[in-house]
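A short write-up of the structure that comes next.
Throughout, a chain's letter reflects where its sequence line sits, starting with A, and its residues are numbered from 1.
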Amino acid sequence: MHGLSVYQIKAMLYGSRSLNYLTTYTRDSQVRTTALFILRLSRGISLSAHKLFDKSPQSHVTNGYQFLASFLQQNRLNKKPTKFQLCTALNCCAKTHNSLLGSQIHTKILNTGLDQNLYINSSLVNMYAKSGAILDAMRVFNGMEFHDQVSWTSIICGLSQNGQGKEAICLFKQMLKTQIIPNSFTYVSVISGCTDQESVSKCSELLHGHVIKLGHENNKYITSTLIDNYSKCGKIDKAVTLFEGSITKDDILLNSMISAYSHNLLGEDSLKLFIKMHKANVSLSQHALTSVLDACGALTVLQQGKQIHALVTKMGSDQNTFIIGALINMYSKCGNINEASHVFNQTVHKNNILWTSMMTSYAQNSKVVLTACNHSGLLEKGVYYFEKMRSDYNLAPEIDQYACLIDLYARKGDLESARKVFDEMPVDANAVMWSSFLSCCKEYGNVEYGREAAYKLFELEPDSPVPYLILGDIYGGAGLWNEVRNVRKLMEENGVRKCTAGWSWVEVDNEVHVFSVGDLCHVRSDEIYLELYKLSLEMLSEFKTFRPVILRACFNWAKAEGCILDMAALKASPCKLAHVWRLSLTEFSSDN
DNA sequence: GTAGGGTTAG
């Protein structure tokens, strides 16, 4: 069942009638849903077949486009649409994120005088919110005469999904002041937007309390949202309590819990739950596979990862892009770059994220500082192993291990401890260590340590513009504009070129932006750059889009190495960050 | 007779 489209499956099924075989042996939920749909349809149970098809991930695309086509045809014939049709049309626009058509329909609604219909307005709010036009959604919402549960929930959900959780909570509070009582939909919406630290500490448990008080605690949607919410803010204990207390553990609840463990670097628990789920014959979804692969990567357990990969193939999910992304990450984190690129090459439809995953893999695997501890980001564990190595095994740590320790502390923001390691080391620190320390100083805005690290680097890497630029950034972040000017002057006095292989910078509105593949890692290998460069060219020709940060770094490298740049491919790409592109283009054109 | 809102993953 590898990568079959719905249409291929349909064709196959109508021909063979071996429906039961397919539904029994296909564990890929997407394919199975489609198969069941056809099964019921073929036996004349059309109603439940349609219900099933509605749950299928492709249904909104196929059904939606069919509906919109007939809707537009009717419009061309100047037939007046009913309010029901308008609602459905808006719903289709929402599901396909088509706000352009949606706003045209909006105009039609205003012309036909249906602009105070409650259902239509809720649909409009939802349509705008789903396609990211949250301001338009707000405008419609505010223009409504009356609000009910659905319209309130639509706007709250819209804000949540557009990353405006605080505003969602704000509106939720306003809703509580009205006569309209929130229902389970509303709670799911507001809780899922509760992601920033402040909202979490103020609201998560309060909302949970509300849910219990209103008797929604057995609602599976709410429970999985709460598990997700607790896990994302590090309260894994609460998530576990919720999970264990829930009566029916359906597949989504299990998935949420597996990814909750995975998120909290509890890969072992994640794997255990997955295996338990597998043995209990709970249908394994692609979500579960993705999370558990993530856990394998974090634990760097290649054998288990390979077993899951085998399962993926058996289930016929080996063309699901989420799973492929997770496989690439897993192999990469386990240090098996060959297998990662094999998976990538076997993929028929490569999207933007997969390309980036693949490149990050190359970057990760060329990392100077490369340890399992560093990957999982477990500071305590890393320090524990570092000490254990010294005390239990009587091994003198090598410079790379010190570098790793510095990285571990600094990335967590403990710059103080990181700085101490420099002093305690028996050998002199190298440029890589000071660079990683400097980047962390920038991230945490520490001027004092940043200055020291930068000045060390001026000595260690006299030709590199990077420490100058980063120090300038740190000063700028602290509002020390005089210092910014001084750093630039110093850079000129020392005769440092603005651009070297792998590093570049642009100046936009007086702000310096440093770009490098080294943003992903400390790459020092030319072969890796060559791979990255080849990939970026391939991706440009296929997708006409690319992450500008990586692209710039690759092209700068290519330019420094004297490669002939593919200007046509570059110009054909409508990149989102136009100013970066313009700069690249003028830079490349003037050079060539 | 018919309409509008929700959960998990790379």
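- Rounded to whole angstrom, the span from the NZ atom of A:K83 across to the P atom of B:dG1 amounts to 14 Å.
- The distance between atom CD1 of A:I180 and atom P of B:dG5, rounded to the nearest whole Å, is 18 Å.
- Base contact: A:L118 has a heavy atom under 4.0 Å from a base atom.
- In this structure, A:Q149 places its CD atom 16 Å from C1' of B:dA3, rounding to the nearest Å.
- Put simply, the side chain of A:D148 and the base of B:dG4 share a donor and an acceptor less than 3.5 Å apart.
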Listed pairs, N/O of protein and of nucleotides 6-10 of chain B, under 3.5 Å:
from: B:dG6; atom 1: OP1; to: A:K130; atom 2: NZ; distance (Å): 2.7
from: B:dG6; atom 1: N2; to: A:S184; atom 2: OG; distance (Å): 3.1
from: B:dG6; atom 1: N2; to: A:N219; atom 2: OD1; distance (Å): 3.2
from: B:dG6; atom 1: N2; to: A:N219; atom 2: ND2; distance (Å): 3.1
from: B:dT7; atom 1: OP1; to: A:Q161; atom 2: NE2; distance (Å): 3.3
from: B:dT7; atom 1: O2; to: A:S224; atom 2: OG; distance (Å): 3.2
from: B:dT8; atom 1: O2; to: A:N255; atom 2: ND2; distance (Å): 2.9
from: B:dT8; atom 1: N3; to: A:H287; atom 2: ND1; distance (Å): 3.1
from: B:dT8; atom 1: N3; to: A:H287; atom 2: NE2; distance (Å): 3.2
from: B:dA9; atom 1: N7; to: A:H287; atom 2: NE2; distance (Å): 3.1
from: B:dA9; atom 1: N3; to: A:T290; atom 2: OG1; distance (Å): 3.3
from: B:dG10; atom 1: O3'; to: A:N329; atom 2: ND2; distance (Å): 2.5
from: B:dG10; atom 1: N2; to: A:T321; atom 2: O; distance (Å): 3.2
from: B:dG10; atom 1: N2; to: A:T321; atom 2: OG1; distance (Å): 3.3
from: B:dG10; atom 1: N2; to: A:N351; atom 2: ND2; distance (Å): 3.1
from: B:dG10; atom 1: N3; to: A:T321; atom 2: O; distance (Å): 3.4

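- No N or O donor and acceptor, one from the side chain of A:S154 and one from the base of B:dG5, sit under 3.5 Å apart.
- With sequence neighbours left out, the side chain to side chain contact (heavy atoms under 4.5 Å, CB included) criterion links A:H208 to A:I212, A:L226, A:Y230, A:L242.
- For A:L114 and B:dA3, the CG to C1' distance is 12 Å, given to the nearest whole Å.
- If you check every strand for non-hydrogen atoms under 4.0 Å, A:T223 touches nothing.
- Judged purely by distance below 3.5 Å, without hydrogens or angles, the side chains of A:Y331 and A:H342 never pair a donor atom with an acceptor atom.
- As a whole-Å value, the separation of A:N117 CG from B:dT2 C1' is 13 Å.
- Judged as a salt bridge (charged side-chain N to carboxylate O under 4.0 Å, His left out), and not counting sequence neighbours, the contacts of A:K166 are A:D196, A:E198.
- Between A:K306 and A:E339, none of the side-chain N atoms (NZ, or NE/NH1/NH2) sits under 4.0 Å from a carboxylate O, so this pair counts as no salt bridge.
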Legend entry - Working for side chain to side chain donor-acceptor pair (under 3.5 Å), residues A:D251 and A:S285: CA-CA 8 Å; A:D251 58 329; A:S285 72; 5.2 Å; no
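- Side-chain N/O atoms of A:H216 and A:Y187 include no donor and acceptor closer than 3.5 Å.
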